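Every chain is numbered from 1 and lettered A, B, ... according to where its sequence line falls, protein lines coming before strand lines. Everything quoted here is computed from the prediction, not taken from an experiment.
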Amino acid sequence: MHERDVSPLEKPYDAKEHEARLYKRWEDSGYFNPDNLPPRHTTPYSIVLPPPNVTGTLHCGHATMLAIQDAIVRFKRMQGFKTLWLPGTDHAAIATQSKVEKEISKKEGKSRYDLGREELLRRIGIFAQESHDTIINQCKSMGSSLDWSREAFTLDETRNKAVYRAFKEMYHAGLIYRGQRVINWDPKGQTTISDDEIVYEEREATLYTFKYSDNFPITISTTRPETKFGDTAVAVHPDDERYAAFVGKTIETSFCGVPLSIKVIADRNVEKDFGTGALGVTPAHSKVDEEMARGNDLPFVQVIDEKGRMTVGGEDIIGKKTAEAREIVAQKLRDAGLMVEEKKITQNVSTAERTGAIIEPLPKLQWFVAVNKEFQFPHKNKTIAKQGEMVTLKTLMHRAVESGATTILPDRFAKVYEHWIDNLRDWCISRQIWYGHRIPVWYKEGEVYCGLEAPAGDKWTQDEDTLDTWFSSGTWSFSTLGWPNDTSDLKTYHPNDLLETGRDIIFFWVARMILMSTYLLGGVPFKTVYLHGLALGKDGKKMSKSAGTALDPLEVTEKYGTDALRMALIVGNAPGNDFRLYDDKVKAYKHFANKIWNASRFVLSNTKGAQIDEKLLTEKDVLTLAAWRVILKDITEDIEKYNLHLASEKLYSYFWHTFADVLIEQTKSRFQSEDISDKQSAQVLMQILLEEQLKALHPFMPFVTEAVWEIMHGDAKENLLLIQPWTTDF
RNA sequence: GGGCGGUUAGCUCAGUUGGUAGAGCAAUUCGUUUACACCGAAAAGGUCGGGGGUUCAAAUCCCUCACCGCCCACCA
């Protein structure tokens, strides 16, 4: 039996004295790795960490996910599950490259083209490694019980193989294709981006109403007159009698000195009441117009290049940026008496998430994932579809959730997910940046070959582009477990039991993981998706680094302790809802950590040498213990339903207001009592209650509870609170 | 335009299937009798956004309106 020394409890709880030390004890014990857990841990339970981007440091969003996931993982581990929480980081392609590029440009005035591919990648590699190290240490300081022996990186060798295999299988199935499409071009980042990487910003714009020229019978409206050099049609609503006589005709005209051949077409998407009810169709510079063009067999005329400069127009226009050209064109129209009206309107402008640049739709040859293409489901004995059944990727994504194989919490997000899939278009996966997985396709004189290495023979050149970072993170649930190799980890831990992540990346990531897993493995990637909300500042607005409203989680833990921050991130944070994080809230839980510490001191110093035997309990104390266990049962069920916000609050409330305020106060006289059996009973009761509460609190406040436990049970690794069995005597 | 969330004590938020309104923080009064002042006790504070309905009973279910926030679509 461990000889209890309560002297460390004499002063107030100081998180700094214990945290790094205890984390090391946990790590050294090996218990973060499920393979090392005691034999009672048989049934697997798995979570993968959403890999933080190697773009810098940990923010409150990371702290939130770490607090929630670690609480769940510690709970499951104590319950006796063979618990795996697998860590990793994300190379985050465009985010990382643009960050490094920005720095190089600022410090050295050089662009990526000055450095060249190899040198830029070398620099990014250094930056990524530094960020990685910082982030890993920060994850550890949050107390995260991650299995570091299985750490993964989206760009490491194993993940690289997985990405290649995914690409190859989809390529050969015709689900990845190369095609000429109007894509979202980011003129600042000089790359394509997917529809999901667009952020709409409301801005004021001028709606110009005019005619191309005097001989053209229809007046049109646009906010971008400079694109009209690329018009090949005018579209009107089929029921619009004003223009019915022109439909089907092609009119030769000109625009600011450039000849145009305009076909008048009818299309249901045109609003009769907007502007003049007629719209100039620019197939090369608008996705909507592109669709009309394909339906009506219209030619594409590109008039803007990748730098966002004009390639068509007069001397005074060619080479100008679009915004400048717009003014020149408008002035010409005014001068020629063609301008009918100029009106201010507010308009949603598409901007690039990462660079903030206004998106320029351009026709380009790019790689896409076909989400609507039918194919035969290739897997045997799967519940999501029958082998050979005709399905699309969309079908599979739908079925994952509709079938109940994956449950989304809170369930209202299931509707959001379904709606997104319905509207999904082919996913553009090629990027013109250098940091990332190079597209594994090789070309030679019209031949195309898909492979990691060039085929035998000379003159094969690899596709210059890299893959969208979400293509690789889409494989995360299984690439982290060793796929495409048939590993025992994959058999044991896939599908993951839980995916816990921010509600803002349900489309980017959750949906893509479902796509990849249902297609490549034939089943869902995880059984449950738990979406947490955003950590907001005290003002209720999104924290922003540039506005200085971002809380640095490490500064907060420095001040109040990690347990305090973890509690502040969990209590009152209902699934899916945004929540505010502020100093006072964290402070309240620092006080709670101290309360636990002091109450423990009282109990331990008054029960030295006393036995723990429930048979010694008086009738009344039996009832008190039973009342606690009713609450504990409730708490257990809350955690199992992932209602951590309820469980944590109940624990807080019981510990403080029942255990400390009532029971401890009562025992003060009982410990002095002449009635030996009553005194004994009080000692037994208080020890049991303390132990069971420490266990129950451990997932939420691992450090202070482990520190007390250590005083009670010594420092043998088998006695770590980390692996003590969850109380089940309800 | 479509959808979702929110509106509960001064502030920040809980409230699981309808059954007498809860917590933390702040503010008030009192209290340092050996766990803790990073404390305790007491009292105070709400017609649960407005209106209507269902019910013996509504913060909770239904309808409607208002305001705040978010997401999706993209009317040129």
Side-chain angles (χ1 to χ4, degrees), chain A residues 6 9-14 195-196 198 200 205 207-209 220-225 227-228 231 234-235 267 269-282 285-289 292 345 347-350 410 412-413 415-416 418-420 422-424 503-504 506-507 533-534 536 538-542 560-561 564 567-568 571-574 576-606 634 637-638 641 643 645-646 648-650 652-653 656-657 660-662 664-665 667-669 671-672 686:
Chain A
V6 297
L9 288 163
E10 288 308 318
K11 35 185 191 173
Y13 178 66
D14 180 5
D195 296 343
D196 300 282
I198 289 176
Y200 291 100
L207 182 67
Y208 301 93
T209 302
I220 59 165
S221 299
T222 183
T223 52
R224 299 197 61 188
T227 63
K228 299 290 102 181
D231 283 14
V234 162
D267 193 296
N269 295 317
V270 180
E271 295 276 333
K272 280 199 276 189
D273 302 329
F274 188 89
T276 61
L279 129 85
V281 182
T282 324
H285 297 290
S286 156
K287 281 195 192 185
V288 182
D289 293 10
M292 286 190 207
I345 58 162
Q347 153 184 261
N348 276 333
V349 178
S350 324
R412 66 187 135 92
F413 283 99
K415 266 186 276 174
V416 179
E418 298 283 341
H419 184 250
W420 180 79
D422 289 337
N423 290 323
L424 190 60
R503 57 133 241 261
D504 52 326
I506 179 169
F507 306 138
L534 266 48
L536 305 174
K538 197 174 176 117
D539 56 359
K541 288 185 186 150
K542 213 170 162 175
Y560 299 115
M567 276 297 271
V571 179
N573 183 2
N577 289 357
D578 294 349
F579 63 99
R580 299 186 195 200
L581 182 70
Y582 45 93
D583 233 47
D584 272 352
K585 188 173 179 185
V586 187
K587 199 164 130 193
Y589 296 108
K590 174 194 175 357
H591 294 173
F592 183 48
N594 193 50
K595 189 82 180 174
I596 294 170
W597 188 252
N598 286 314
S600 301
R601 177 199 307 157
F602 175 81
V603 172
L604 296 183
S605 52
N606 282 293
D634 193 30
E637 286 165 2
D638 281 336
K641 286 185 269 184
N643 282 324
H645 64 303
L646 301 181
S648 52
E649 193 163 7
K650 285 170 188 169
Y652 176 96
S653 168
W656 202 307
H657 299 299
D661 290 347
V662 179
I664 285 185
E665 290 309 317
T667 50
K668 280 178 182 171
S669 58
F671 284 160
Q672 311 298 322
M686 295 316 277

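- Distance check on atom C1': U55(B) versus A14(B) gives 26 Å, rounded to whole Å.
- The CH2 atom of W420(A) sits 10 Å away from the P atom of A73(B) (whole-angstrom rounding).
- The same atom, C1', is picked in G24(B) and in G15(B); the two are 15 Å apart, to the nearest Å.
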Atom pairs under 3.5 Å: protein N/O with N/O of nucleotides 33-36 of chain B:
from: A35(B); atom 1: OP1; to: K668(A); atom 2: NZ; distance (Å): 2.7
from: A35(B); atom 1: O2'; to: R601(A); atom 2: NH1; distance (Å): 2.6
from: A35(B); atom 1: N7; to: K668(A); atom 2: NZ; distance (Å): 3.4
from: A35(B); atom 1: N6; to: A660(A); atom 2: O; distance (Å): 3.1
from: A35(B); atom 1: N6; to: E665(A); atom 2: OE2; distance (Å): 3.4
from: A35(B); atom 1: N3; to: N598(A); atom 2: O; distance (Å): 3.4
from: A35(B); atom 1: N3; to: A599(A); atom 2: N; distance (Å): 3.2
from: C36(B); atom 1: O4'; to: N598(A); atom 2: ND2; distance (Å): 3.4
from: C36(B); atom 1: O2'; to: N598(A); atom 2: ND2; distance (Å): 3.1
from: C36(B); atom 1: O2; to: K595(A); atom 2: NZ; distance (Å): 2.9
from: C36(B); atom 1: N3; to: K595(A); atom 2: NZ; distance (Å): 3.0

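- In this structure, the side chains of M292(A) and L279(A) come closer than 4.5 Å at one or more pairs of heavy atoms.
- You'll find the side chain of K228(A) reaches within 4.5 Å of the side chain of T282(A), heavy atoms only.
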Pairs under 3.5 Å (N/O, protein and nucleotides 16-23 of chain B):
none

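- Distance check on atom P: C30(B) versus G69(B) gives 44 Å, rounded to whole Å.
- Checked by atom type and distance alone, the side chain of W597(A) never pairs as donor or acceptor with a backbone atom of D14(A) at under 3.5 Å.
- Using a 4.5 Å heavy-atom threshold, the side chains of V6(A) and R601(A) count as separate.
- We find that CG of N269(A) is positioned 12 Å from C1' of A73(B), with the value rounded to whole Å.
- Here the CG-CH2 distance, from D195(A) to W420(A), works out to 9.5 Å after rounding to the nearest 0.5 Å.
- Taking atom OH on Y589(A) and atom C1' on C25(B), their separation rounds to 10 Å, with Å as the unit.
- Taking CG from D289(A) and CG from N269(A), the interatomic distance works out to 10.5 Å, rounded to the nearest 0.5 Å.
- The separation between Y13(A) atom OH and C39(B) atom P is 16 Å, rounded to whole Å.
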Please write out each protein N/O paired with an N/O of nucleotides 1-4 of chain B under 3.5 Å, distance rounded to 0.1 Å.
none

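- Comparing the same atom, P, in G2(B) and in A73(B) gives a spacing of 16 Å after rounding to whole Å.
- Using P as the reference atom, C62(B) and C38(B) are 48 Å apart when rounded to the nearest Å.
- Side-chain contact check for S350(A) versus Y200(A): some heavy-atom pair is nearer than 4.5 Å.
- The distance from the NZ atom of K590(A) to the CG atom of D583(A) is 12.0 Å, given to the nearest 0.5 Å.
- How far CG of L9(A) is from CZ of F602(A): 13.5 Å, rounded to the nearest 0.5 Å.
- Proximity of H645(A) to the phosphate of C13(B): no side-chain N or O atom is located under 4.0 Å from OP1 or OP2.
- Shown here are the side chain to side chain contact (heavy atoms under 4.5 Å, CB included) partners of L536(A), two or more places apart in sequence or in another chain: L534(A), D578(A), R580(A).
- You'll find that the side chain of F507(A) is closest to C71(B), out of C71(B), C38(B), A76(B).
- When the side-chain nitrogen and oxygen atoms of Q347(A) are compared with OP1 and OP2 of C75(B), none of them lie within a distance under 4.0 Å.
- Counting heavy atoms from C-beta on, the side chains of H645(A) and F579(A) never come closer than 4.5 Å.
- Taking atom P in both A59(B) and C48(B), the straight-line distance is 7 Å, to the nearest Å.
- No hydrogens or angles considered: nothing links the side chains of Y13(A) and N598(A) as a donor-acceptor pair under 3.5 Å.
- In the set U12(B), A76(B), G5(B), the nucleotide with an atom closest to the side chain of E271(A) is A76(B).
- In this structure, R503(A) does not reach the C71(B) phosphate: none of its side-chain N or O atoms is under 4.0 Å from OP1 or OP2.
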Measure all distances between protein nitrogen or oxygen atoms and nitrogen or oxygen atoms of nucleotides 26-32 of chain B, and list the pairs falling under 3.5 Å.
none

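- Summarising the geometry, the separation between CG on D578(A) and P on C70(B) is reported as 9 Å, rounded to the nearest angstrom.
- Other residues, nucleotides and ligands contribute more than 12 heavy atoms inside 6.0 Å of the NZ atom of K650(A).
- Using a 4.0 Å heavy-atom cutoff across all strands shown, Y200(A) reaches at least one base atom of the nucleic acid.
- Atom CD of E418(A) and atom CG of D422(A) lie 7.0 Å apart (nearest 0.5 Å).
- Atom CG in D196(A) sits roughly 8 Å away from atom P in C72(B) (whole-Å rounding).
- Rounded to a whole Å, the CG atom of L534(A) is 11 Å from the P atom of C70(B).
- Helical stems in RNA chain B, defined as runs of 3 or more consecutive Watson-Crick or G-U wobble pairs with both donor-acceptor distances under 3.5 Å, are listed by first residue as B:1-7 with B:66-72, B:10-13 with B:22-25, B:28-31 with B:39-42, B:49-53 with B:61-65.
- Not one side-chain nitrogen or oxygen of N348(A) sits closer than 4.0 Å to the OP1 or OP2 atom of C75(B).
- Going from the P atom of G3(B) to that of U64(B) covers 11 Å, rounded to whole Å.
- With rounding to the nearest 0.5 angstrom, the CD atom of E649(A) is 12.0 Å from the CG atom of N643(A).
- Taking 4.5 Å as the limit, some side-chain heavy atom of V571(A) sits within range of a side-chain heavy atom of Y589(A).
- Taking atom C1' in both A27(B) and C68(B), the straight-line distance is 27 Å, to the nearest Å.
- Between F592(A) and Y652(A), the ring-plane angle classifies as tilted under the 30° and 60° cut-offs.
- The distance between atom NE2 of H591(A) and atom P of G24(B), rounded to the nearest whole Å, is 14 Å.
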